[in-house]
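Lettering of chains follows the sequences in order, A, B, ..., and the numbering in each one begins at 1. This one's a predicted model, so the numbers in the text were calculated from it and none came from an experiment. Atoms considered below: every heavy atom in the structure, side chains included; atoms not considered: hydrogens, waters and symmetry mates.
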Amino acid sequence: MKRNKIIDILSAETTGSRITVMGWVRTRRESKGGFSFIEMNDGSCLSNLQVIVDDKLENYETEVRNLQTGCSIRVIGTLVASPAKGQSIELQAEEIEVYGWADPDTYPLQKKRHSFEFLRTIAHLRPRTNTFGAVARVRNAMAFAIHTFFQKRGFIYVHTPIITGSDCEGAGEMFRVTAFDLENVPKKNGETDFEKDFFNQPAGLTVSGQLEAEIYALSMGDVYTFGPTFRAENSNTSRHLAEFWMVEPEMAFCDLEGNIDLAEAFLKYLFDDLLKNCEEDLAFFNRFIDSSLLETLKTLISEKYERLDYTEAIKILSKSKQKFEFPVHWGCDLQSEHERYLTEKVFNKPVVLTDYPREIKPFYMKVNEDGKTVRAMDLLVPKIGEIIGGSQREDDHDMLLERLKETNLPPEDYWWYLELRKFGSAPHAGFGLGFERLIQFVTGLSNIRDVMPFPRTPGNVSF
RNA sequence: UCCCCGGUAGCUCAGCUGGUAGAGCAGGUGGCUGUUAACCACCUUGUCGGCGGUUCGAGUCCGUCCCGGGGAGCCA
């Protein structure tokens, strides 16, 4: 089945050629002048192709007049200049074949706006809408740009495991992976006997590929992972999913500053790539979702991101006249309201916060010489909050051991992680970027469930 | 998990202090038109989220459960 894609047809704008187009009917309007206008879309781009169907076609009365939103068709015809406003070219149909009907009495999508809440209940049909088609293309473009960015810089793409025996940060509820018959779980002294399970030990779905990425960084230099991660947290917000994708670069012979430099260059590259390659979809989001989107993205490419350490941030927050629900003091974890105040009120651009108190950050972050803070960095953007979190890693064996103990993690579980600091240890750093939060940010969509094709949240695994 | 708001036609919603349901869109029919979220006229459509209670009477009040949204916590 050879077909021409609408994106190519519309960008070439060559009339006279005979082409074959396949896609789905968005709308059909009838003219008593003896023809129909069909708007068809094939997913290749946001724009529809206007098809003119003359009533002289043999199946005009029997089929064409019954075409409704959602039907799939093949059109063979000739491209001609359009005499009316709204489009420069259109397809004069010579033959129309209907592949599949969509009964308007039961087809849920109509040629009108639907609420995102409703569309979530029909995730199998929502990519046929303008918004979700655009999201799918932007997601694709961003995934491709992520690989391109790292490949251009010589980073090695490492496939870290999905099923893991280690619970990375000692935090974040893991989904359990088991081959047990749940009706009949083997017990030993009253407790589950994991030695009898598939892996002879407890296993789960990964919450991060970072620790494994560090292994490869400390042999390959610059590496990155890009894959799904899972959190069994019962969090019900517009920014959390139980299954989401994360990008995690990890670099040997790199400190915190180099890490921040990469993060900033990374985001700027992605935004720039998007403006160049997804112009039409971005214009759509700018028009219907967030009218400041294009301006924001352009600003983020040109502006230097604000960098300040945690201690300074606390000073700014305590001096401000803003009333916070959670009072600020040195040592406290920053709340959403504090982050938003810094990004939206104080600086009005992305802010990179560094050097947090060691008590509120994970064990693997490098402890500073002051002994009180760690080489952590959070990249905060307006509205979304934290989009990137990273750190320079602790490369001193004894300090890492001390940190494991003080956070109540069993060092024996991290024996291989400790050995990386025993044999040829090197300064290294990396960060994680939540892919869906990035897509949220660049589309302006407020709910993360609308940027994931099939979102998994507490109580929801449909589709 | 906590706090707030909501669940009424296929979709988006209105329905005041309790009296037994309505508008737009969609769909059908007709008209008009190189139309473009077309337009005009007429017509069809509801266990008012579930269960229980108060009342002569509940979409409306009370209880409870389920689902959705916003915010918080946790985080990416």
Side-chain angles (χ1 to χ4, degrees), chain A residues 26-40 47-54 66 68-70 80-87 90 92 102-122 125 129-130 168-169 171-173 207-210 228-248 288 324-326 333-340 360-362 378-381 384-390 431-441 446-452 457-460 462:
Chain A
R26 282 294 173 79
T27 70
R28 187 183 62 86
R29 294 178 291 276
E30 209 168 272
S31 168
K32 275 295 181 299
F35 54 93
S36 283
F37 298 97
I38 296 175
E39 296 259 0
M40 66 184 291
S47 293
N48 300 321
L49 180 66
Q50 174 160 286
V51 180
I52 311 298
V53 193
D54 200 277
N66 295 320
Q68 301 277 12
T69 306
V80 296
S82 179
K85 284 180 183 173
Q87 60 284 316
E90 60 191 27
Q92 182 70 50
D103 181 0
D105 285 336
T106 47
Y107 186 61
L109 291 175
Q110 298 165 9
K111 47 181 179 182
K112 59 166 256 182
R113 260 187 111 141
H114 292 88
S115 67
F116 291 141
E117 293 79 25
F118 170 66
L119 291 172
R120 265 169 232 155
T121 67
I122 49 167
L125 297 171
T129 64
N130 284 336
C168 173
E169 307 180 11
E173 289 293 312
V207 295
S208 164
Q210 182 199 314
T229 44
F230 309 86
R231 307 270 167 99
E233 294 284 354
N234 184 17
S235 50
N236 274 298
T237 83
S238 54
R239 305 181 306 280
H240 290 83
L241 292 168
E243 176 181 312
F244 64 100
W245 284 63
M246 196 148 59
V247 186
E248 293 172 291
F288 292 106
F324 295 115
E325 191 188 338
F326 296 89
D333 210 349
L334 292 181
Q335 307 293 322
S336 296
E337 55 173 346
H338 306 137
E339 297 179 350
R340 293 192 68 153
I360 61 172
K361 287 291 180 185
D378 282 357
L379 198 157
L380 314 172
V381 292
I384 308 284
E386 184 183 339
I387 196 170
I388 283 178
F431 62 79
L433 166 88
F435 186 57
E436 281 70 26
R437 291 203 180 159
L438 172 76
I439 305 301
Q440 267 191 283
F441 189 71
S446 54
N447 197 312
I448 200 165
R449 294 160 198 221
D450 298 325
V451 300
M452 184 66 143
T457 51
N460 196 342
S462 302

| request: Name all residues meeting the salt bridge (Lys or Arg N to Asp or Glu O under 4.0 Å) criterion together with R340(A); count only those two or more places apart in sequence or in a different chain, and write none if there are none. | output: E344(A)
| said: How many whole angstroms separate atom CZ of R120(A) from atom P of G68(B)? | reply: 10 Å
| said: As a quick check of understanding, evaluate side chain to side chain contact (heavy atoms under 4.5 Å, CB included) for F441(A) and V381(A), giving each step before the final call. | reply: CA-CA 9 Å; F441(A) 189 71; V381(A) 292; 3.8 Å; yes
| request: Kindly say whether, by distance alone, the side chain of Q50(A) makes a donor-acceptor pair under 3.5 Å with the base of U35(B)? | output: yes
| query | Expressed in angstrom and rounded to an integer, what is the separation of Q92(A) atom CD from G34(B) atom C1'? | reply | 11 Å
| message | Could you tell me how far A23(B) sits from A14(B) if I compare only their P atoms? Round to whole Å. | response | 16 Å
| Atom pair distance, as rounded to whole Å: CZ in R26(A) and P in A26(B) | 17 Å
| task | List the steps and the verdict of side chain to side chain donor-acceptor pair (under 3.5 Å) for R231(A) and T229(A). | result | CA-CA 7 Å; R231(A) 307 270 167 99; T229(A) 44; 5.4 Å; no
| On a whole-Å scale, what distance lies between the P atoms belonging to C25(B) and C16(B)? | 24 Å
| field | Nearest-Å distance once atom P is located in both C62(B) and G6(B) | value | 11 Å
| query | According to the Watson-Crick and G-U wobble definition with distances under 3.5 Å, which dot-bracket string, read 5' to 3', encodes RNA chain B, using [ ] for crossing pairs and | for pairs with another strand? | reply | (((((((..((((.....[..)))).(((((.......))))).....(((((..]....))))))))))))....
| message | Students often get this wrong, so: under 4.0 angstrom with heavy atoms, is L433(A) touching a base, only sugar-phosphate, or nothing? | response | nothing
| said: Using the P atom as the point on both nucleotides, what is the distance between U8(B) and C48(B), in whole Å? | reply: 11 Å
| note | Taken in chain and number order and not counting sequence neighbours, the residues that satisfy salt bridge (Lys or Arg N to Asp or Glu O under 4.0 Å) with D333(A) are none
| field | Nearest to side-chain heavy atoms of H240(A), which nucleotide of C74(B), G71(B), U1(B) | value | C74(B)
| remark: Rounded to whole Å, CZ of R437(A) lies from C1' of C75(B) at a distance of 6 Å
| So which nucleotide from G34(B), A38(B), A76(B) ends up closest to the side chain of S31(A)? | G34(B)
| message | Does A37(B) have OP1 or OP2 under 4.0 Å away from a side-chain N or O of R29(A)? | response | no
| said: Let me confirm one number: the CE-CD distance from M452(A) to E243(A), rounded to the nearest 0.5 Å. | reply: 5.0 Å
| Separation of C75(B) P from E248(A) CD (nearest whole Å) | 16 Å
| remark: Comparing nearest nucleotides in RNA chain B, the 5'-proximal residue of the pair A242(A), E39(A) is E39(A)
| said: Applying ring-ring contact (aromatic ring centres under 6.0 Å, His included), can you list everything that pairs with F37(A), at least two apart in sequence or on another chain? | reply: F35(A)
| request: Take atom C1' in G50(B) and the same atom in C67(B), then report the distance between them in whole Å. | output: 10 Å
| message | At less than 4.0 Å, is any side-chain N or O atom of Q68(A) found next to OP1 or OP2 of G28(B)? Yes or no. | response | yes
| task | Grab the CD1-C1' distance between I388(A) and A76(B) for me, whole Å please. | result | 10 Å
| Checking only heavy atoms, does the side chain of E325(A) share a donor-acceptor pair with the base of G71(B) at less than 3.5 Å? | no
| message | For F326(A) and H338(A), I'd like to know if the aromatic rings sit close, meaning centre-to-centre distance below 6.0 Å. | response | no
| note | F37(A) CZ to G34(B) P, in whole Å, measures 8 Å
| query | Can a side chain N or O of R28(A) be found less than 4.0 Å away from OP1 or OP2 on U35(B)? | reply | no
| message | Any base atoms under 4.0 Å from I52(A), or only sugar-phosphate, or nothing? Heavy atoms, all strands. | response | base
| query | Is there side-chain contact between L433(A) and L379(A), with at least one heavy-atom pair below 4.5 Å? | reply | no
| Set of ring-ring contact (aromatic ring centres under 6.0 Å, His included) partners for F118(A), sequence neighbours left out | H114(A)
| field | Contacts of type side chain to side chain contact (heavy atoms under 4.5 Å, CB included), residue E90(A), not counting sequence neighbours | value | Q50(A), I52(A), V80(A), S82(A), P83(A), Q87(A)
| said: Are the side chains of N48(A) and M40(A) in contact, using a 4.5 Å heavy-atom criterion? | reply: no
| note | Under a 4.0 Å heavy-atom criterion, the protein footprint on nucleotides 4-14 of chain B, written with B, S and -, is ------BBS--
| message | For T237(A), give me all partners under side chain to side chain contact (heavy atoms under 4.5 Å, CB included), at least two apart in sequence or on another chain. | response | R239(A), H240(A)
| task | Between C4(B) and G10(B), how far apart are the C1' atoms? Round to whole Å, please. | result | 30 Å
| Does Y107(A) have any ring-ring contact (aromatic ring centres under 6.0 Å, His included) partners at least two apart in sequence or in another chain, and if so, which? | none
| query | How far does the P atom of G69(B) sit from the matching atom of A76(B), given to the nearest Å? | reply | 23 Å
| Nearest of U35(B), A76(B), U1(B) to any side-chain atom of R231(A)? | A76(B)
| message | Between N447(A) and G70(B), is there a contact of a side-chain N or O with OP1 or OP2 at under 4.0 Å? | response | yes
| field | Separation of G30(B) P from E30(A) CD (nearest whole Å) | value | 10 Å
| In B/S/- notation, 5' to 3', how is nucleotides 39-47 of chain B contacted by protein heavy atoms closer than 4.0 Å? | ---------
| task | Identify, with sequence neighbours excluded, every residue that meets salt bridge (Lys or Arg N to Asp or Glu O under 4.0 Å) alongside E339(A). | result | none
| field | Pairing residues for P104(A) by the side chain to side chain contact (heavy atoms under 4.5 Å, CB included) criterion, not counting sequence neighbours | value | Q68(A)
| field | 5′-ward residue of the pair E386(A)/R449(A) relative to RNA chain B | value | R449(A)
| query | Would one find a side-chain N or O of T237(A) under 4.0 angstrom from OP1 or OP2 of G71(B)? | reply | no
| message | Using a 5.5 Å cut-off between ring centres and planes within 30 degrees, is F35(A) stacked on the base of G34(B)? | response | no
| Rounding to the closest angstrom, what is the interatomic distance between U45(B) and G24(B) at atom P? | 15 Å
| Touch class at under 4.0 angstrom, heavy-atom based, for T229(A) against every strand present | nothing
